[in-house]
Amino acid sequence: MLGVCYYPEHWPPTRWPTDAHLMRAAGLELVRIGEFAWSRLEPQPGVYDWDWLDRAIETLSAAGLRVILGTPTATPPAWLTHRYPEVLRVGADGRRWSHGGRRHTCPTSPAYREHCRRIVTALAERYGRHPAVIAWQIDNELGNHSTARCACPTCRAAFQQWCAQRYATLEQLNARWGTVFWSQAYSDWRQIPLPSDPVGGGHNPALALAYRRFASEANIDFLRAQTAILRALAPGRLLTTNIAPLDDEIDWHRLAAEVDVISWDNYPHGFEHPADVAFFHDLVRGLKRQPFWVMEQQPGRINWTAYNPPVPPGQVRLWTYQALAHGAEHVLFFRWRAGRVGQEQYHSGLLRHDATPAQGYHEVARLARELAEQPLPPRAPARVALLISYEDAWSVQLEPHHADFDYWRVARLIYRDFWRRGIAVDVIRRDQELDGYHQAIAVVPMLIDAADTTRWRAFVARGGHLTLTARACVRDQDLMWSDQPLPHGLSELLGAQVRQWYALPPGSQALLRRGDAEAGTTHTWIEELAINDDAQHATAPLTAQLPAYPTIAPFAPAVETRIGRGALRYLSCYPADPDAGWWSAWPDPPAPLLPPDVESVPLADGSHLLLNHGATERTPAGSAAPLTPLEVRIQPASPP
Ligand code: GAL
Ligand code: ZN
């Protein structure tokens, strides 16, 4: 279904029927409302005003729309933050936030939790069984604006308690964190600091990682308090929450397990490249390994990037096809009408400020007609899995060791290699079963996890092809360095070990050769591997040389080992040329590159959805006619 995000509380009630009618006229079937409306629902403590929401839901449903109702906990009313200042979050600088924006609350504050419980219960009692309300969105973009980590006194105490639960004894905590270093040993849980507390030399990375885990869990627990209420009072309704996946302070895999469907807010102008949008669609689909919703889809130009460029005709339609092809079940546009009040007046809507239809309205109406005539076939299953983990990402962020070493950039570069060739990829949590995949790539799997290494060995033994990237299996779950040959737990199977890493400062590259041929350059990071003397099937496909460090002898930055029908590969660097095909060209020969800006999504019936994201005509191989700029086309399966 297609739908839209609507704020009836921003507009006179006399306007609502016209809006509802226009929504239906465009073919929209879903409408999300209510997620920031707390001060209208409870203008004074304990005094509820349901009339307007009753009437809004009636108007929308009378027009044939189905409602996704938001819980309003991202924006508490001013009376609440004023009366209970402790519900406001404290930033890393130790300052308490103010009322006036959103997400300025603390996830562990008992007062906040209690008032959230109250408003959500009241809402659910009133609308939980309403026939028009088919789903609930919990809160809005939890953790957005970098707000998942709070440094208030309640969170400090909660973190200390969390440590006591996780480590059971201080002896354990001291041992696992290595607090012998710089005399950090704790003899009372209350001595444990927050990693935002000012110190010289930085905090122990084990403490910092523990706090990140704690903060993620605190937010998930905050969400769980609402799912519990809604499951009881809104039986049979789907529970979801909308995430902004560039935010990575919450472990979305763990959060997704708590809801029925996961949704995300897709603003392609917030990304660098159309492949990044595809990456996040696939990442969100991977959170629960099931179809997802786009709760907010960019409807035209937006207001929050540095330059807010134009959105040419056809763009909104193309973005929506892209979302559907990657597994979106519903797509809702944000927002219905450009706002006349508050912070987001420069943001477009499907209607203009003056209520006339904007470009987005016409494109969405066209799209709804097209989909009614010819529904898009489902996607073809992927045979390639990118294995990711928020805990690995956090571990890299805590000590990147090279300012440009960015976990998500590595993941997106690898993803783009496949995207450029029209190869479908699943982006899934690194501990997932890998049945059905031909190839898996573990993205910077820094943390050692015995269960994962066992699963990966079994995958390779069954004929799978596993690639480990740089910095694989180096440190334990509390960031203690391994005392084994690296990659820990897989070095023997690889028949090789990592001897050394080289962080390459800006301007210093590595030159690569494959046999006698030049094989491009790389930057940022490279490792030196040595094949074990007794290794039977290990080969080193590349040789690297560091021109800026002539006394470092040429070395092998990658090793591949055949293991029966499967293989294990360690590839410690990524190419400067994102199209070089290093990731996709193994174990099979490289698939041809698509023309620049062209995406090709394989569909289950053997056809492909072709999308030209660019402003230039392009003709992909096998296409009779060129794709015009922003053209979307289903290319039928080619006859065998
Ligand atoms: C989203 C948010 C919306 C609105 C939108 C503007 O992140 O959920 O409420 O702010 O961005 O693009
Ligand atoms: Zn707090």
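Counting convention: from 1, in listed order, for ligands and their atoms alike.
Interface of Phe36 with ligand 1, defined as ligand atoms under 4.0 Å from a residue heavy atom, comprises 9 (O). Within ligand 1, the atoms closer than 4.0 Å to a non-hydrogen atom of Glu141 are 1 (C), 2 (C), 7 (O), 8 (O), numbered from 1 in the order shown. Residue-ligand proximity, Asp265 to ligand 1, at heavy-atom distances under 4.0 Å covers atoms 8 (O). Shown in contact with His347 at under 4.0 Å from a heavy atom are these atoms of ligand 1, numbered in order with element: 6 (C), 12 (O). Annotation for ligand 1: atoms under 4.0 Å from non-hydrogen atoms of Trp304 are 6 (C), 12 (O).
Between Val277 and His326 the shortest side-chain heavy-atom distance does not fall below 4.5 Å.
Formation of a donor-acceptor pair under 3.5 Å by the Arg224 side chain with backbone atoms of Glu258 is not found in this model.
For Arg335, the heavy-atom gap to ligand 1 stays at 4.0 angstrom or more. Not a single heavy atom of Ile302 sits under 4.0 Å from any atom of ligand 1.
At a heavy-atom cutoff of 4.0 Å, ligand 1 is contacted by the side chain of Arg102 but not by its backbone. At a 4.0 Å heavy-atom cut-off, ligand 1 does not touch Gln298 at all.
Take the Zn ion (ligand 2) as the corner point: the lines to SG of Cys155 and to SG of Cys106 open at 100°, to the nearest 10 degrees. Around the Zn ion (ligand 2), the two atoms SG of Cys150 and SG of Cys152 are separated by an angle of 110°, to 10 degrees.
Counting non-hydrogen atoms of other residues, nucleotides and ligands closer than 6.0 Å to CZ of Arg166 gives a total above 12.
Note that Arg40 lies outside the cation-pi zone of Trp52, set by a 6.0 Å cut-off to the ring centre and a 45° limit from the axis.
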Practice task
Starting from the C-alpha separation in whole Å, work towards a yes-or-no answer on side chain to side chain contact (heavy atoms under 4.5 Å, CB included) for Ile262 and Thr241.
Solution key: CA-CA 6 Å; Ile262 195 80; Thr241 189; 4.2 Å; yes
Handout entry: Intermediate values then yes/no, salt bridge (Lys or Arg N to Asp or Glu O under 4.0 Å), Asp354 and Arg352
Key = CA-CA 5 Å; Asp354 67 3; Arg352 295 192 179 85; 5.3 Å; no
Practice task
Carefully, step by step, assess Glu249 and Asn219 under the rule side-chain hydrogen bond (donor to acceptor under 3.5 Å, both in side chains).
Solution key: CA-CA 10 Å; Glu249 295 183 353; Asn219 281 274; over 6 Å; no
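Closest heavy-atom approach to atom 1 (C) of ligand 1 within the set Arg103, Glu296, Glu344, Met295: this belongs to Glu296.
Considering Arg212, Arg254, Arg429 in turn, Arg254 is the only one that fulfils the salt bridge (charged side-chain N to carboxylate O under 4.0 Å, His left out) rule with Glu391.
For the residue pair Glu58/His130, the side-chain donor-acceptor check at 3.5 Å is satisfied.
The protein non-hydrogen atom at the shortest distance from atom 5 (C) of ligand 1 is Tyr267 OH, 3.3 Å.
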